[in-house]
Amino acid sequence: MATQLPRLLPLLLFLPFFHIAASTSPSGLHPVVLLPDTTCSQLEARLTDAYVPPSPQCAAHHKDHDGRWLRLWKNTTELDDPAVAPCVADQLRLVFDHVAGDYRNVPGVETRVLDFGSTRGFLADEPANRNRCMGRLVEALEEVGYRDGETLFGAPYDFRQSPAALGQPCRAFSRYRQRLRALVEHASRTNGDKPVVLVSHSEGGYFALEFLNRSPLPWRRRHIKHFVMASTGAGGFVKFMEVVASCVSDVSPLARVRRSVPSKFTPLPSPKVFDRDAPLVVTRDKNYTAHDMPAFLAAAGLPEFEVTLYETRELPMAMNFRAPVVPTTCINGIGVPTAEKLVYWDGNFGEDPETVYGDGDGLVNSASILALDTVIGDDPMQQYYKSIKIAGMYHAGVISDGVALERLISEILRDSFVQDSKKVDYRRVAQL
Ligand SMILES: *[C@@H]1O[C@H](CO)[C@@H](O)[C@H](O)[C@H]1NC(C)=O
Ligand SMILES: *[C@@H]1O[C@H](CO)[C@@H](O)[C@H](O)[C@H]1NC(C)=O
């Protein structure tokens with residue numbers, strides 16, 4: 001109790017009504033479902049006889065594994081062992097099945113997310129990932145009365161298997177949508193039919209938004225009280241071009257995994273948001289804007305079929321980033337130096353670029369954050385939209401820093417969705 005008090009104090013001081021709301025009517029809470037950032041979900045794997053280990057060492061490592069579900073992501077003991085890391089990476093990578101037109105695990109590897117439905121499986125126990133993986137947010141929700149499995153639920157996802165554009169085969173995301181729909185319905189049903197508050201951070205926002213936009217509108221209106229999207233921009237971010245370029249040249253086991261998965265395309269800067277005349281990558285011979293992404297990916301070393309996959313599976317979805325038509329609050333940091341332009345003067349994408357900084361949350365550019373106001377806020381179908389931009393707040397701080405967390409919790413607990421002038425006020429706040 002004594003050790004908890006300092007952590008509780010800011011909440012109690014600034015927002016005493018939390019305490020009252022929690023202690024007088026815990027059952028009055030609307031259920032909350034959380035979607036964390038990429039790699040915060042954990043995966044388990046099971047090997048079948050069809051699995052061919054990449055080396056005799058890996059075969060020896062895996063020999064007593066078969067038939068049992070074991071932690072694939074994240075097992076730090078294994079990943080930190082240079083002899084074992086390539087074996088783990090071989091099971092984590094995906095392959096593109098040209099016949100099915102879809103990504104899948106390598107033959108003989110079955111995977112599932114750990115603890116679907118709960119927040120306990122999020123990778124928040126690692127000190128380095130506690131803030132980023134909603135550890136502090138879950139604690140703050142528990143402090144106001146939420147209980148895991150009763151009023152608070154986690155929707156971890158296979159972060160390798162990002163959604164694909166409508167019409168493209170994507171079994172992983174289809175299954176995830178079904179499970180999330182069932183979870184939302186369960187959360188609502190077991191809480192007096194109250195609609196659910198869906199809260200996402202960063203990459204989780206893409207999964208949440210695609211889930212909402214592909215659910216029938218009456219279902220959304222019936223089951224979703226409020227969508228709170230933290231730290232996701234409407235058009236990706238520039239720094240991710242560096243991530244993609246480096247995973248092509250990097251030969252480390254995890255870089256090879258990153259290279260094999262479709263989620264390597266998800267937060268690439270989108271031509272919906274970034275200007276045709278704003279070079280994001282600069283070389284001596286050629287500049288690349290968000291509109292030149294296929295040329296950039298090819299120049300970075302991706303084979304032609306993968307560039308085509310970007311164009312068919314990712315780009316149409318990025319262009320279709322749109323309002324979820326349920327009450328929505330976007331919370332983003334702003335005013336933190338953020339990579340805006342990457343200079344690879346000699347055109348060597350394997351080297352670290354020289355970075356030109358602009359405004360954003362340290363990761364997501366302000367162009368992408370501000371575009372939420374037009375893409376979602378100005379959609380005539382979108383009845384309630386609020387944007388909260390917190391000056392000086394970084395990407396993960398939005399869900400972990402004291403001040404931002406208070407703000408986020410008060411939005412999660414919000415009961416009234418009367419659209420007032422607040423959207424404008426917050427834009428002014430952001431400009432200060
Ligand atoms: C991580 O890997 C080690 C070595 O293979 C294994 O002993 C341990 O049980 C694994 N941890 C989890 C949580 O699966
Ligand atoms: C690339 O963009 C920079 C400005 O960022 C400009 O000075 C340069 O001339 C451009 N280079 C080419 C090859 O278009």
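Note that ligands are numbered from 1 as they come in the structure, with each ligand's atoms numbered from 1 the same way. Index from 1, following the sequence.
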Quiz item: Is there a donor-acceptor pair under 3.5 Å between the side chain of Asp361 and the backbone N or O of Val364?
Solution: yes
Quiz item: So which protein heavy atom does atom 12 (C) of ligand 2 come closest to, and at what separation?
Solution: Asn287 ND2, 3.4 Å
Self-check item: Whether Phe305 and Phe96 hold their rings parallel, tilted or perpendicular, with breakpoints at 30° and 60°
Solution: tilted
Quiz prompt | Those atoms of ligand 1 less than 4.0 Å from some heavy atom in His61 | solution = 5 (O)
Quiz item: Say you draw a straight line from CG of Leu94 to CZ of Arg160; how long is it, rounded to the nearest 0.5 Å?
Solution: 4.5 Å
Exercise. Please report the closest heavy-atom contact between Leu405 and Ser400, naming both atoms and the distance.
Key: CD2-O, 3.9 Å
Self-check item: Proximal atoms of ligand 2 relative to Pro279 (non-hydrogen, under 4.0 Å)
Solution: 2 (O), 5 (O)
Exercise. Record the part of Glu78 in heavy-atom contact with ligand 1 below 4.0 Å; permitted values are side chain, backbone, both and neither.
Key: side chain
Exercise. Check whether any side-chain heavy atom of Leu212 lies under 4.5 Å from a side-chain heavy atom of Phe227, and answer yes or no.
Key: yes
Quiz item: Does NZ or CZ of Arg179 fall inside the cone over Phe116's six-membered ring, less than 6.0 Å from its centre and within 45° of the axis?
Solution: yes
Exercise. Determine if the distance from atom 7 (O) of ligand 2 to the closest protein heavy atom is below 4.0 Å.
Key: no
Quiz prompt | Per-atom contact, atom 14 (O) of ligand 2, protein heavy atoms, under 4.0 angstrom | solution = yes
Exercise. Classify the contact between Asp285 and ligand 2 as side chain, backbone, both or neither, using a heavy-atom distance cut-off of under 4.0 Å.
Key: backbone
Quiz item: Which word best sums up how the rings of Phe237 and His395 line up, parallel for under 30°, tilted for 30 to 60°, or perpendicular for over 60°?
Solution: tilted
Quiz prompt | Asn75: numbered ligand 1 atoms lying under 4.0 Å from its heavy atoms | solution = 1 (C), 2 (O), 3 (C), 8 (C), 10 (C), 11 (N), 12 (C), 14 (O)
Quiz item: Among protein heavy atoms, which lies nearest atom 5 (O) of ligand 2, and at what distance?
Solution: Lys341 NZ, 3.0 Å
